[in-house]
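Single-structure report; data block below.
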Protein chains: 2
Amino acid sequence: MVSMKEIARSCGVSVATVSKALSDKPDISKPTRDRIRKVAEEMGYMLNASARALKTNRTYNIGVLFVDRMSAGLAHEYFSEILESFKKAAEESGYDITFINNRFAGQDSTYLMHCKYRNFDGVVIVSADFMDPQVLELVDSDIPRVSIDYSYNNCSSVISDNTKGLRDLVKYAISKGHRKIAFIHGERTDVTKKRVMGYYSTLRENGISVNENYVIEAKYHDIDLSYEKAKELLALEDRPTCIIFPDDYSRIGALSRMGEEKNPLPDDISVIGYDGIKMAKFVGLTTYEQDAVSLGRIACRRLVDAIENPTGICEHSVVAGKLIEGKTVKEVRQ
Amino acid sequence: MVSMKEIARSCGVSVATVSKALSDKPDISKPTRDRIRKVAEEMGYMLNASARALKTNRTYNIGVLFVDRMSAGLAHEYFSEILESFKKAAEESGYDITFINNRFAGQDSTYLMHCKYRNFDGVVIVSADFMDPQVLELVDSDIPRVSIDYSYNNCSSVISDNTKGLRDLVKYAISKGHRKIAFIHGERTDVTKKRVMGYYSTLRENGISVNENYVIEAKYHDIDLSYEKAKELLALEDRPTCIIFPDDYSRIGALSRMGEEKNPLPDDISVIGYDGIKMAKFVGLTTYEQDAVSLGRIACRRLVDAIENPTGICEHSVVAGKLIEGKTVKEVRQ
DNA sequence: AAACATTACGTAATCGTTTACGTAAATCAT
DNA sequence: ATGATTTACGTAAACGATTACGTAATGTTT
């Protein structure tokens, strides 16, 4: 690897001059700067990140905590889109991203230790067990950090507006004449609580009393379970006219399965998903699209801001999504 | 950040002794080693990756080239599984992974330059435009490297057995009595060519003459296009009895869409996917499961091996998948 | 007891940068 | 012409670790 030393020798200047020339410091004359840059280019020189980091204490590297919770992992379109968007924004700001894990040299360690080791300029917590002591330790550290879809009180966060999501969906269903609206929701996380709140409040505001049989707990991304719960709803004496699924994935999966089994969903039942994955749009599913791209971008901006202009105050942003009107909610006579 | 210097001071020894004690060098007595380790632990010491890398020229960091080709990106379950598996294996071997990009300090650069900058111990090319000059430059570099699902002649590779995939699927369809087997395949990449080869050879071996109308080019992960092509096939005078789709995603999407449109697939048509994504299993789709987990693991093993025991010779592995018998291929009378 | 080997640590150079500070030459002011 | 300022570069220390080599204090051999 060619270093500044060799460029210096080749140009007959000192290493310091090379460094300053390459980083556009003002006290180098234009002729020498140009000459040095040209030689550096010719020799295929590239700055050494380790040496620079050692001296400046800046790595231009962001740690990403992305734990394959509920075995959806990267394959979960929502999270993968957030990650892609974050990555893109980070790269534009001059940062790389590296996954955080809790191993060191192949041995067990902690997330925080790993971050110290790598000297990340900042950390983003995308998908994790938010109550894991190791995660909390990281959240309580003094590393610039931001969490996505979960709010700690000592850490900036960017979260998707889940309450609005369900409010919009329920309002839409009501506008189509539905009053018997069921909600198969995910496991009881913070996100789910917000959605359930939105569900209840919107029904209440519209003078619709909630049938508790219509609110069923399932899991995110669990096709089997959603399928079972949907069948339970359909078997009810007073069955709903509209079913909101935990997410698009389980909705599409559950109904596909019914289709393969030649027991398709009855014609008079409307269905709604959540997330706004691509496939949902392709098949015409009515859903609520979370703005994953904005979530990633805003999270990155917050983090880079916290790194470059540290104030210590943490800010919480809420990102709205939008309803996608598909063809799966039918008009119902009152 | 607490460094070895402070531990040395606190223990009344030299920095060298601390370094040797922490890395279990033999010439430190057990008492001092234990004392140093205890103090290091108490002070919350962690090794500094940059300093170590600078001195040893080893970063224990692997660069991942993962370009969002055909806008499937991380959300493509096949690739995300490979990546997860690779990541896991890398972590077990003591390596972290960082995404490669072609920017430096927010400016345009090249993949190779980025790798030089970060000093990756090795590089894996997972999903990229394999003919991109920048990728070729990386492939031709002297960085230990491995490519997945594409074989360069100067770079180790791990590829999924695409020919076997189609051979198995076609053989299965034939065993169920089908002779009119259509293949909607993806864009003409290397992978696709292998699959098409498998398709043709198996039909030929079974004495079935190929109806060229049955071989149609579409795209991977393109629901709309697969949907259109499937309809074209169904509109043929002599229509096929079995359709192989480019992948599970487009198959499920296309048929879901037909379902939503209340023009479901005729009962006498069999369908087959490719990839073995989770949803495919949930809905009972007959498909060919690529062994993404093995692909990732083997690729990592190859790479780590190339890093730690450099020989210069490159090896190519082919990973077999397996047919998943769902319920979407019906028995047909001869 | 002299010679030698072993043990356990320290010394100092080094990796590739950055940067505060020093300095010589050129330019300017008076 | 003298002193002050500016310009353009060099010097050297520092970041935090690693490691070849040196060395003092022990232990071992004959």
Side-chain angles (χ1 to χ4, degrees), chain A residues 1-37 39-40 43-61 94 104-105 113-121, chain B residues 1-37 39-40 43-61 94 104-105 113-121:
Chain A
M1 281 293 96
V2 29
S3 72
M4 286 189 180
K5 200 190 287 184
E6 288 145 72
I7 298 175
R9 181 149 14 98
S10 168
C11 287
V13 297
S14 75
V15 171
T17 304
V18 175
S19 171
K20 287 187 279 191
L22 293 180
S23 52
D24 263 327
K25 287 281 150 57
D27 64 340
I28 301 294
S29 70
K30 189 164 176 351
T32 18
R33 177 158 34 96
D34 291 347
R35 184 162 46 98
I36 289 172
R37 302 205 136 206
V39 172
M43 297 179 74
Y45 169 79
M46 188 61 185
L47 188 61
N48 182 309
S50 303
R52 191 234 274 265
L54 184 58
K55 190 65 182 117
T56 63
N57 216 26
R58 296 272 276 117
T59 54
Y60 292 96
N61 197 5
F104 169 67
M113 275 302 179
H114 187 254
C115 292
K116 281 189 178 183
Y117 169 61
R118 286 290 175 197
N119 225 8
F120 295 128
D121 288 339
Chain B
M1 281 292 99
V2 30
S3 72
M4 286 192 179
K5 200 191 288 183
E6 287 145 71
I7 298 175
R9 183 153 8 101
S10 168
C11 288
V13 297
S14 75
V15 171
T17 305
V18 175
S19 171
K20 286 189 278 192
L22 294 180
S23 51
D24 263 327
K25 287 282 151 56
D27 65 338
I28 300 295
S29 71
K30 190 166 175 349
T32 19
R33 177 157 36 96
D34 291 348
R35 184 161 47 97
I36 289 172
R37 302 205 136 209
V39 172
M43 297 178 75
Y45 169 79
M46 188 61 184
L47 188 62
N48 182 311
S50 303
R52 192 233 276 264
L54 184 58
K55 191 68 182 101
T56 63
N57 215 27
R58 295 271 277 118
T59 55
Y60 292 96
N61 198 5
F104 168 68
M113 275 303 179
H114 187 253
C115 293
K116 281 189 178 183
Y117 169 61
R118 285 290 174 197
N119 224 12
F120 295 128
D121 288 339

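Proteins get letters first, then strands, A, B, ... in listed order; numbering begins at 1 in each.
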Classify [X] by what it touches in the nucleic acid, base, sugar-phosphate, or nothing, heavy-atom distance under 4.0 Å.
| X | value |
| --- | --- |
| A/Thr56 | sugar-phosphate |
| B/Val13 | sugar-phosphate |
| A/Ser3 | sugar-phosphate |
| A/Asp27 | base |
| A/Lys20 | base |
| A/Ser23 | nothing |

[X] vs [N]: side-chain N/O to OP1/OP2 distance below 4.0 Å:
| X | N | result |
| --- | --- | --- |
| A/Lys55 | C/dT19 | no |
| B/Lys25 | D/dT18 | no |
| B/Ser29 | C/dC9 | yes |
| A/Tyr117 | D/dA17 | no |
| A/Ser50 | C/dC15 | no |
| B/Ser19 | D/dG16 | no |

Round to the nearest Å and state the distance from [X] atom [atom1] to [N] atom [atom2].
| X | N | atom1 | atom2 | result |
| --- | --- | --- | --- | --- |
| B/Glu6 | D/dA17 | CD | P | 9 Å |
| A/Arg58 | D/dG16 | CZ | P | 16 Å |
| B/Arg33 | C/dG10 | CZ | P | 15 Å |

Selection from D/dG16, C/dT17, D/dG10 that lies nearest to any side-chain heavy atom of A/Ser14: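 Selected nucleotide: D/dG10.
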
Which nucleotide in D/dT18, D/dG16, D/dT11 has an atom nearest any side-chain atom of B/Met4: D/dT18

Within-4.5 Å side-chain heavy-atom neighbours: B/Lys116 and A/Tyr45: no

Between CD1 on residue B/Ile36 and OG1 on residue B/Thr17, distance to nearest 0.5 Å: 6.0 Å

Straight-line distance of A/Asn61 CG to B/Arg118 CZ, nearest 0.5 Å: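 Output value for this atom pair is 4.5 Å.
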
Whether B/Arg37 side chain and B/Leu22 backbone form a donor-acceptor pair below 3.5 Å: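 Present.
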
Side-chain donor or acceptor of A/Arg52 paired with backbone N/O of A/Thr59 under 3.5 Å: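 No: the side chain of A/Arg52 does not pair with the backbone of A/Thr59.
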
A/Lys30 vs A/Val15, nearer the 5' end of DNA chain D by closest nucleotide: A/Lys30

